[in-house]
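We use all heavy atoms of the structure for the numbers below, so side chains are in, but hydrogens, waters and symmetry mates are not.
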Amino acid sequence: MVQTETKGLGLMSTGRKLGLKARAARCLVCTLVCTSMVTGCWDDRELSELGITSGSAYDWEDNQWKATYQVINPSSGASSMGGGGGGSGSSPPFLTFTVKGNTIMDAIDRSNLTSTREMFFSHSRVTVIGEKLARRGINQLIDFFLRKQDARETVYVFIAKGNAGDILNQLMQLTKNQGAGIQLMIEQEARLTSYFPGVRLFQLAMALSSESGSAVIPEILLTGDEIMDETSETGRTDLPSRLALGRLGVLKGDRLVGWLSQQEAFGLSFLTNKINQASLSFPTQPETSAKIDGSFLLQHASTKIRPVWENDHYVMDVSITGSGVITEIGSPMDLNNRASIAQMERTIGENILETVKQSWVSVKRLNADVTGFAMTIHRSDRKRWKQIEADKSWDEVFGNIEIRPRIHVSIERMGLSNKSFKTVQQD
């Protein structure tokens with residue numbers, strides 16, 4: 001009897017222990033769940049301690065990296081202006097810091113010797129590379145952007161002919177945040193005129209590491225000799241020096257090997273199917289006059305490429321189609337006549353054809369596959385591409401490629417009138 005009671009007390013003690021353990025486990029789980037829902041601030045940094053950069057530029061000078069950072073001046077309100085707003089006030093919208101170092105990080109660290117704020121790159125919009133550095137090679141710069149935690153691989157990349165840092169000193173009208181202004185400029189250009197593609201840093205890295213091993217970067221330049229870097233000068237209606245897009249830099253490997261003119265860059269946009277919208281000028285009556293007096297707004301365009309192996313080399317069948325609206329006519333024409341419209345369509349198509357051919361000649365001269373033909377061949381003819389890779393003969397194969405372009409342009413609308421104003425006057 002006594003043994004039975006003792007056994008019962010033992011069972012009750014064991015059950016109580018299990019209950020306490022289960023309660024402790026529940027408390028532990030609740031604590032872990034609650035703490036996981038509360039964000040920590042182990043890496044917090046005060047905003048007043050950061051120098052927020054809107055752009056950066058890199059040059060190679062005296063065998064060192066020369067880095068220039070454009071830092072938003074918080075007292076001017078530039079950070080809130082985005083791409084709009086005026087330039088009033090005496091306080092400059094941004095400040096620039098130029099430092100040198102054996103590596104890029106060395107240069108950044110040295111910036112702490114001249115600035116009261118730590119450089120913060122997460123809001124950078126653009127980066128500019130000096131031509132000297134571009135010809136030396138930019139692998140290390142790309143590696144830095146892909147590796148550093150607060151650097152953004154989405155920044156737009158440009159090449160400057162001279163000192164890249166000078167670009168960041170130039171003030172722009174209609175915007176206080178110059179980095180955002182340059183970003184809007186390239187995005188607007190790519191959308192409305194299609195001469196230059198906006199190239200972000202991760203796109204540059206992907207192009208250079210692709211089968212082609214080549215890439216393009218737009219040039220940004222100053223149109224005048226004088227740098228406008230005083231806030232009072234933005235109050236003028238016509239600045240003697242402005243930022244503008246110039247040529248298209250061609251990189252092979254990681255080095256700049258040459259330039260394409262604006263027209264050649266336009267032809268490359270057709271070859272790479274990067275036409276969004278473009279305005280084309282042409283002679284409206286080529287059979288009687290070579291005078292360029294008409295404009296055509298190309299609203300839709302598409303390019304398809306098919307590689308064909310013929311007689312020991314590739315021939316690229318390039319099929320370009322486009323359509324749009326007539327926006328200007330300087331000669332007497334009646335657009336109710338279908339023959340006149342067909343003639344203008346042929347003329348516009350011939351102009352595009354000539355632009356594409358000129359671009360292809362320049363690309364072949366540089367022997368840099370910025371057309372992406374290597375990727376096209378890799379996808380369509382894997383067996384032959386493996387042989388090209390094994391022989392490491394892509395440069396030779398690319399040099400022997402021919403293009404066979406076909407253009408078809410259709411005029412969909414004439415605008416608000418079916419007669420030119422000259423025709424109306426003559427009537």
Going by salt bridge (Lys or Arg N to Asp or Glu O under 4.0 Å), name the residues that satisfy it together with R247, two or more places apart in sequence or in a different chain. E219
Checking E189 now: which residues fulfil salt bridge (Lys or Arg N to Asp or Glu O under 4.0 Å) with it, not counting sequence neighbours? none
In a table with atom names and distances, give each donor-acceptor pair under 3.5 Å that connects a side chain of residues 297-308 to protein atoms at least two apart or in another chain.
from: Q299; atom 1: OE1; to: R413; atom 2: NH2; distance (Å): 3.2
from: T303; atom 1: OG1; to: F270; atom 2: O; distance (Å): 2.7
from: R306; atom 1: NH2; to: D317; atom 2: OD2; distance (Å): 3.1

What one should report as the nearest heavy-atom pair of S209 and A205 is OG-O, 2.8 Å
Is it true that, when you exclude K100 itself, more than 12 heavy atoms of the residues, nucleotides or ligands shown sit nearer than 6.0 Å to its NZ? yes
Residue pairs passing the salt bridge (charged side-chain N to carboxylate O under 4.0 Å, His left out) test with at least one member in residues 342-359, sequence neighbours excluded, are R338-E345
Side-chain donor-acceptor contacts of residues 274-282 below 3.5 Å, not counting sequence neighbours, with atom names and distances?
from: N276; atom 1: ND2; to: A190; atom 2: O; distance (Å): 2.9

Could you point out which residue of L184, I72, I182 forms a side chain to side chain contact (heavy atoms under 4.5 Å, CB included) with N177? I72
Which residues share a salt bridge (Lys or Arg N to Asp or Glu O under 4.0 Å) with R379, sequence neighbours left out: none
D150 bridged to K148 by N-O distance under 4.0 Å: yes
Centroid separation F373 to W360 less than 6.0 Å: yes
Pair R404 + E310, salt bridge at N-O below 4.0 Å: yes
